[in-house]
Novice: 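Here's a structure for you.
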Amino acid sequence: QVQLVESGGGLVQAGGSLRLSCVASGRTFSSYRMGWFRQVPGEERSFVAAITWRSGFTYYSDSVKGRFTISRDNAKNTGYLQMNSLKPEDTAVYYCAASGPLYFSNYGAAQQYGNWGQGTQVTVSS
């Protein structure tokens with residue numbers, strides 16, 4: 001099992017920036033990929049970005065491409081989501097997630113990630 005703790009959420013004006021962090025502990029060496037997802041009330045959790053721990057390959061949803069950057073520091077077992085040019089529609093609870101050890105192609109599928117953090121609220125005011 002991998003335990004995940006997010007931080008860095010908050011309230012920001014449109015156009016501003018936030019940086020989310022996700023510290024992983026436990027069997028971190030067994031995780032193939034880390035992802036960030038977000039959820040608003042009444043909707044399903046949606047994919048934001050993902051990164052492969054070893055290679056650093058990154059993937060983004062179309063809605064955040066060019067504005068958000070996902071990264072990781074393997075030595076610190078920490079993942080990051082740098083969010084720039086924030087929009088009110090980015091308002092959501094953001095979750096980081098860690099997958100199991102095996103490769104999978106559908107990086108945007110929440111069910112591929114077996115370990116989840118508690119979530120951090122991001123609110124963007126207009």
Novice: Which pair of non-hydrogen atoms, one from Met83 and one from Leu20, has the smallest distance, and what is that distance?
Specialist: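 Heavy atoms only, the tightest pair is CE-CG, 3.8 Å.
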Novice: State plainly whether one hydrophobic cluster holds both Tyr94 and Val64, where clusters connect Ile, Leu, Val, Met, Phe, Trp and Tyr through side-chain heavy atoms under 4.5 angstrom apart.
Specialist: yes
Novice: Decide yes or no for Val23 and Leu4: does some side-chain heavy atom of the first lie under 4.5 Å from some side-chain heavy atom of the second?
Specialist: no
Novice: Establish whether Phe37 and Ile70 are linked, either directly or via other cluster members, by ILVMFWY side-chain heavy-atom contacts under 4.5 Å.
Specialist: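 No, separate clusters.
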Novice: With Tyr113, which of Phe104, Tyr107, Phe47, Tyr95 fulfils ring-ring contact (aromatic ring centres under 6.0 Å, His included)?
Specialist: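 Going through the options one by one, the only one that passes is Phe104.
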Novice: Would you say Arg54 and Asn74 make side-chain contact, with heavy atoms under 4.5 Å?
Specialist: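 With C-beta onward as the side chain, the pair stays apart.
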Novice: If you define the side chain from C-beta out and look only at heavy atoms, does anything of Tyr103 sit under 4.5 Å from Arg33?
Specialist: yes
Novice: For residues Ser99 and Gln112, determine if any side-chain heavy atom of one lies less than 4.5 Å from a side-chain heavy atom of the other.
Specialist: no
Novice: Is atom CD of Glu44 surrounded by more than 12 heavy atoms (other residues, nucleotides or ligands) closer than 6.0 Å?
Specialist: no
Novice: What's the spacing between Ser85 OG and Arg67 CZ if we round to 0.5 Å?
Specialist: 7.0 Å
Novice: Any chain of hydrophobic side-chain contacts (each under 4.5 Å) joining Tyr80 to Val12?
Specialist: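 Cluster IDs for Tyr80 and Val12 differ.
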Novice: Between Val122 and Gly9, what is the shortest heavy-atom contact and its length?
Specialist: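 For Val122 and Gly9, the tightest heavy-atom pair comes out as CG2-CA, 4.1 Å.
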Novice: Please determine whether a side-chain nitrogen of the Lys or Arg among Asp62 and Lys65 lies less than 4.0 Å from a carboxylate oxygen of the Asp or Glu.
Specialist: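 Here Asp62 pairs with Lys65 in a salt bridge, since their nearest N and O are under 4.0 Å apart.
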Novice: How many angstroms lie between atom CD of Gln82 and atom OG of Ser71, to the nearest 0.5 angstrom?
Specialist: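 Nearest 0.5 Å value for the CD-OG distance: 8.0 Å.
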Novice: Under a 3.5 Å distance rule, please check whether Ser55 uses its side chain to pair with a backbone N or O of Phe57 as donor and acceptor.
Specialist: yes
Novice: Nearest heavy-atom pair of Thr78 and Ser21: which atoms, and what distance?
Specialist: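 Smallest heavy-atom distance, with atoms named: CG2-CB, 4.5 Å.
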Novice: Mind listing the closest non-hydrogen atom pair of Leu81 and Ala49 along with its distance?
Specialist: CD1-CB, 4.2 Å
Novice: Find out whether Leu86 and Gln13 are in side-chain contact, i.e. whether some heavy atom of one side chain is under 4.5 Å from a heavy atom of the other.
Specialist: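 No, every pair of side-chain atoms sits at 4.5 Å or beyond.
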Novice: Mark yes or no for whether Arg72, through its side chain, and Trp53, through its backbone, hold a donor-acceptor pair below 3.5 Å.
Specialist: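 Yes; at least one donor-acceptor contact below 3.5 Å.
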Novice: How close do Gln39 and Ala92 get, counting heavy atoms only, and between which atoms?
Specialist: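 Where Gln39 meets Ala92 most closely, the heavy atoms are O-CB, 3.5 Å.
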Novice: Before giving the answer on ring-ring contact (aromatic ring centres under 6.0 Å, His included), spell out for Tyr60 and Phe68 the whole-Å C-alpha distance, their side-chain angles and the decisive distance to 0.1 Å.
Specialist: CA-CA 8 Å; Tyr60 297 94; Phe68 290 12; 8.3 Å; no
Novice: Quick check on the hydrophobic clustering: are Trp116 and Tyr32 connected, directly or via other members, by side-chain heavy-atom contacts under 4.5 Å?
Specialist: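 Yes; Tyr32 is reachable from Trp116 via cluster members.
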Novice: Would you call Ile51 and Trp36 a side-chain contact if the rule is heavy atoms closer than 4.5 Å?
Specialist: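 Counting from C-beta outward, Ile51 and Trp36 never come under 4.5 Å.
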Novice: Arg38 and Ser63: which non-hydrogen atoms are nearest, and at how many Å?
Specialist: NH2-OG, 3.4 Å
Novice: Are the side chain of Gln118 and the backbone N or O of Glu6 linked by a donor-acceptor pair below 3.5 Å?
Specialist: yes
Novice: Side chains of Asn84 and Ser17 only: does a donor on one sit below 3.5 Å from an acceptor on the other?
Specialist: yes
